[in-house]
Amino acid sequence: MMESVALNDEQEMMAAMGLPIAFSSSKRPFHVSDDEEDDNVREDDDEEDECESTVGSTRKRKRNKKKQRKIDPNNISKYYAQRYRLFSLFDEGIQLDHESWYSTTPEEIAKHIAQKCMKSQPCVILDPFCGVGGNIIQFALASDQIMVIASDIDPYKVTMAKHNAKIYGVQDRISFLVDDFFRLVDQINCKIDLIFLSPPWGGPEYLAHKEYSLSMMTPDGFDIYNAARKLTKNIAYLLPRNIDNDEINSLLKPGEVVEIEKNIVNKKTKTLTAYFGISE
Ligand code: MGP
Ligand code: SAH
C-alpha cells in the first residue's frame, strides 16, 4: 500500500511527526459523455422543483415519483448535474473517480463544517477518509493557522485530492498520506486536535434502508468512532441523513454532549454532521 520514495521537505516533516510517508503518482480522472450530461440536467431540474414546491399535493406527487426512482450506483449522471455544488471550480480541471461522484461533500457543506470546526481553534486537523479532497480543501481555506493531514486508503484518490487542492491553491498547506484508517490511528504519534470522519456508507444504496445503522458501514461506524477517540475527543462525523440518532447518542460517554446538524442544500437535507467535543 505504501510506496518507497526519496524524502522531500513535506515528507521529512511528516517523518518527524511520526506520520507514515506514502504517495501515489498515478491519475485516474473521470470522463462523462455529452449524452449523460443531458440526462443529468433533467434530473436536477426535478429536484429543484420538489424543493421549491410548497403545495401539499404537488409535494406528494413529486415524492412518489422519487420513491419509484431506482437507486443505481452505476449511474452517476445526477451527481454530474450537481458538479458545481461539489466543486465551484469544477471547470478548472477537478478530478473525481466513480465513488467520489456520490461521496464527495458538497462545497457549501464542507465550507460550513470547516468554519464550525475552526471554533474549537484546532492546530492540527486529520481527515483520514479524505477522498478527492472535498473537505480538506475547505479546512485549509478556513484558516492558514492550521495544519491539515489528509489520508485515504486509495492512492488514486490521494493523487486526485492533491491535484484538486492545487486548483484551490491550498496544496502546500496539506500533508497527504495513503493509509488504512486503523493503521494510521495506531501509527500517528503527533497531537491531533480534531478528526473529521467521512467514511464510505456502502454507496448510494444507503438510502434503501429506512433507518441506517453505523454497523452497516464498512469499516464499521462504531469501530471508526472508537478508534478516532484514541487520538482526540473532538470529532466531526459526517453521516447519512437516515442514520439512527439513538446510535449517535450511544457513542457518548457520561457527561458528554453531541450536536447533530442537518446539512441542507437547496432546501434538501443532504447529510448530517455530528459534532463531538466541538463547542462554539
Ligand atoms: P445521495 O443521497 O447519494 O445524493 O448523497 P442526493 O443528491 O441527496 O440523492 P437523491 O437521490 O436523494 O436526490 C447525498 C450526499 O451524501 C452526497 O452529496 C455526499 O456528500 C454524501 N454521501 C453519499 N454517499 C453514498 C456517501 C458515502 O458513502 N460516504 C460519504 N462520506 N458521504 C457520502
Ligand atoms: N470527504 C471526502 C469523501 C470521502 S468518501 C470528500 O469530500 O472528498 C470515503 C473515502 O473513504 C473513500 O475515498 C475511500 O477510499 C476511503 N476509505 C475506505 N475505507 C478506508 C479505510 N479503511 N481507511 C482509509 N480510507 C478509507
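In each ligand, atom 1 is the first atom listed, and ligand 1 is the first ligand listed.
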In ligand 1, which numbered atoms sit nearer than 4.0 Å to a non-hydrogen atom of Leu207?
-> 2 (O), 12 (O)
Polar side-chain atom of Asp193 near backbone of Ile125 as donor-acceptor pair, under 3.5 Å | no
Which atoms of ligand 1 sit under 4.0 Å from any heavy atom of Pro106?
-> 18 (O), 20 (O)
Which is it for Cys130 and ligand 2 at heavy atoms under 4.0 Å: side chain, backbone, both or neither?
-> backbone
Taking atom types as modelled, is there a side-chain donor on His112 or Glu261 under 3.5 Å from an acceptor on the other?
-> yes
Should you measure from each heavy atom of Thr104, which atoms of ligand 1 turn up under 4.0 Å away?
-> 18 (O), 19 (C), 20 (O)
A student checking ligand 1 against Thr105 at a 4.0 Å heavy-atom cut-off should list atoms 20 (O)
Pull out every atom of ligand 2 sitting under 4.0 Å from any heavy atom of Val132, numbered as shown with elements.
-> 8 (O)
Ranked by distance from atom 18 (C) of ligand 2, the top protein heavy atom is Pro200 CG, 3.4 Å
Sub-4.5 Å side-chain heavy-atom contact between Leu214 and Tyr237 = yes
Would you mind checking which non-hydrogen protein atom is closest to atom 7 (O) of ligand 2, with the distance to 0.1 Å?
-> Thr105 N, 2.9 Å
What protein heavy atom sits nearest atom 20 (C) of ligand 2, and how far away is it?
-> Ile153 CG2, 3.6 Å
Do me a favour and list the nearest non-hydrogen protein atom to atom 8 (O) of ligand 2 with residue, atom name and distance?
-> Gly134 N, 3.1 Å
Protein residue, atom and distance nearest to atom 5 (S) of ligand 2, heavy-atom basis = Ser103 CB, 3.5 Å
Do the ring centers of Tyr225 and Phe276 come within less than 6.0 Å of each other?
-> yes
Could you list the atoms of ligand 1 found under 4.0 angstrom from a heavy atom of Ser198?
-> 31 (N)
Is the centre of the Trp101 ring less than 6.0 Å from the centre of the Tyr80 ring?
-> yes
With a 4.0 Å cut-off on heavy atoms, does Pro240 reach ligand 1?
-> no
At the 4.0 Å heavy-atom cut-off, does Asp179 count as touching ligand 2?
-> yes
What atoms of ligand 1 come within less than 4.0 Å of a heavy atom belonging to Gly203?
-> 25 (C)
Numbering the atoms of ligand 1 from 1, which are under 4.0 Å from a heavy atom of Gln82?
-> 7 (O)
Option with minimal heavy-atom separation from atom 8 (O) of ligand 1, where the choices are Arg241, Glu99, Met217 | Arg241
Please could you name the atoms of ligand 1 that Pro200 approaches to less than 4.0 Å, counting only its heavy atoms?
-> 28 (O), 29 (N)
Report yes or no: does Tyr168 contribute a side-chain atom to a donor-acceptor pair with the main-chain N or O of Leu89 at less than 3.5 Å?
-> yes
Is there a nitrogen or oxygen of Pro199 sitting under 3.5 Å from a nitrogen or oxygen of ligand 1?
-> yes
Residues Gln95 and Lys162: side-chain donor-acceptor under 3.5 angstrom | no
Atom indices of ligand 2, in the order listed, that fall short of 4.0 Å to a heavy atom of Thr104 | 6 (C), 7 (O), 8 (O)
Close approach, Gly133 and ligand 2, non-hydrogen under 4.0 angstrom | yes
Of all protein heavy atoms, the one nearest atom 23 (N) of ligand 2 is Phe181 N, 2.8 Å
Between Ser250 (side chain) and Glu247 (backbone), is there a donor-acceptor pair under 3.5 Å?
-> yes
If you count the atoms of ligand 2 from 1 in the order shown, which ones are under 4.0 Å from a heavy atom of Gly131?
-> 13 (O)
If you scan protein heavy atoms around atom 13 (O) of ligand 2, the nearest is Asp152 OD2, 2.7 Å
Taking non-hydrogen atoms only, is Pro128 closer than 4.0 angstrom to ligand 2 via side chain, backbone, both or neither?
-> backbone
In ligand 2, the atoms that come under 4.0 Å of a heavy atom of Asp154 are 15 (O)
Contact atoms of ligand 2, heavy-atom distance to Ser198 under 4.0 Å = 1 (N), 2 (C), 4 (C), 5 (S), 9 (C)
Does the pair Leu197 and Ile235 meet the rule for a side chain to side chain contact (heavy atoms under 4.5 Å, CB included), with working shown?
-> CA-CA 7 Å; Leu197 298 171; Ile235 297 170; 3.6 Å; yes
Is the shortest distance from a heavy atom of Lys78 to ligand 1 less than 4.0 Å?
-> yes
Does the ring of Tyr275 carry Lys116 above it, NZ/CZ under 6.0 angstrom from centre and within 45° of its axis?
-> yes
Side chain of Ser88, backbone of Tyr84: donor and acceptor closer than 3.5 Å?
-> no
Taking atom types as modelled, is there a side-chain donor on Gln187 or Asn189 under 3.5 Å from an acceptor on the other?
-> no
Would you mind reporting whether Leu207 and Tyr212 have side-chain heavy atoms less than 4.5 Å apart?
-> no
Distance filter under 4.0 Å to Pro219 heavy atoms, resulting ligand 2 atoms = 22 (N)
Between Ser215 and Asp220, a side-chain donor and acceptor under 3.5 Å | no
Ser151 side chain to Asp179 side chain, donor-acceptor N/O pair below 3.5 angstrom = no
The closest protein heavy-atom partner of atom 11 (O) of ligand 2 is Phe129 CD2, 3.4 Å
Polar proximity ligand 2 side, Asn135 side, N/O cut 3.5 Å exclusive | yes
Starting from the C-alpha separation in whole Å, work towards a yes-or-no answer on side chain to side chain donor-acceptor pair (under 3.5 Å) for Thr273 and Asn263.
-> CA-CA 7 Å; Thr273 308; Asn263 305 124; 2.7 Å; yes
Does one hydrophobic cluster hold both Ile264 and Tyr79, with members joined at side-chain heavy-atom distances below 4.5 Å?
-> no
Does Tyr79, backbone or side chain, put an N or O under 3.5 Å from an N or O of ligand 1?
-> yes
Contact with ligand 1 for Lys268, non-hydrogen, under 4.0 angstrom = yes
Taking atom 1 (P) of ligand 1 as the point of reference, which of Tyr206, Tyr237, Tyr102 owns the nearest heavy atom?
-> Tyr206
Side chains of Met118 and Phe139: closer than 4.5 Å at any heavy-atom pair?
-> yes
Give the atoms of ligand 2, by number and element, whose distance to some non-hydrogen atom of Asp180 is under 4.0 Å.
-> 21 (C), 22 (N), 23 (N)
Examine distances only and state if a side-chain atom of Arg173 and a backbone atom of Ser143 form a donor-acceptor pair shorter than 3.5 Å.
-> yes
Pro199-ligand 2 polar pair, N/O distance under 3.5 Å | no
Will you find, in the side chains of Asp244 and Ser213, an N or O donor that is under 3.5 Å from an N or O acceptor?
-> no
Identify the residue among Asp152, Asp97, Asp127 that makes a salt bridge (charged side-chain N to carboxylate O under 4.0 Å, His left out) with Lys157.
-> Asp97
Note: ligand 2 atoms sitting under 4.0 Å from heavy atoms of Lys157 are 13 (O), 15 (O)
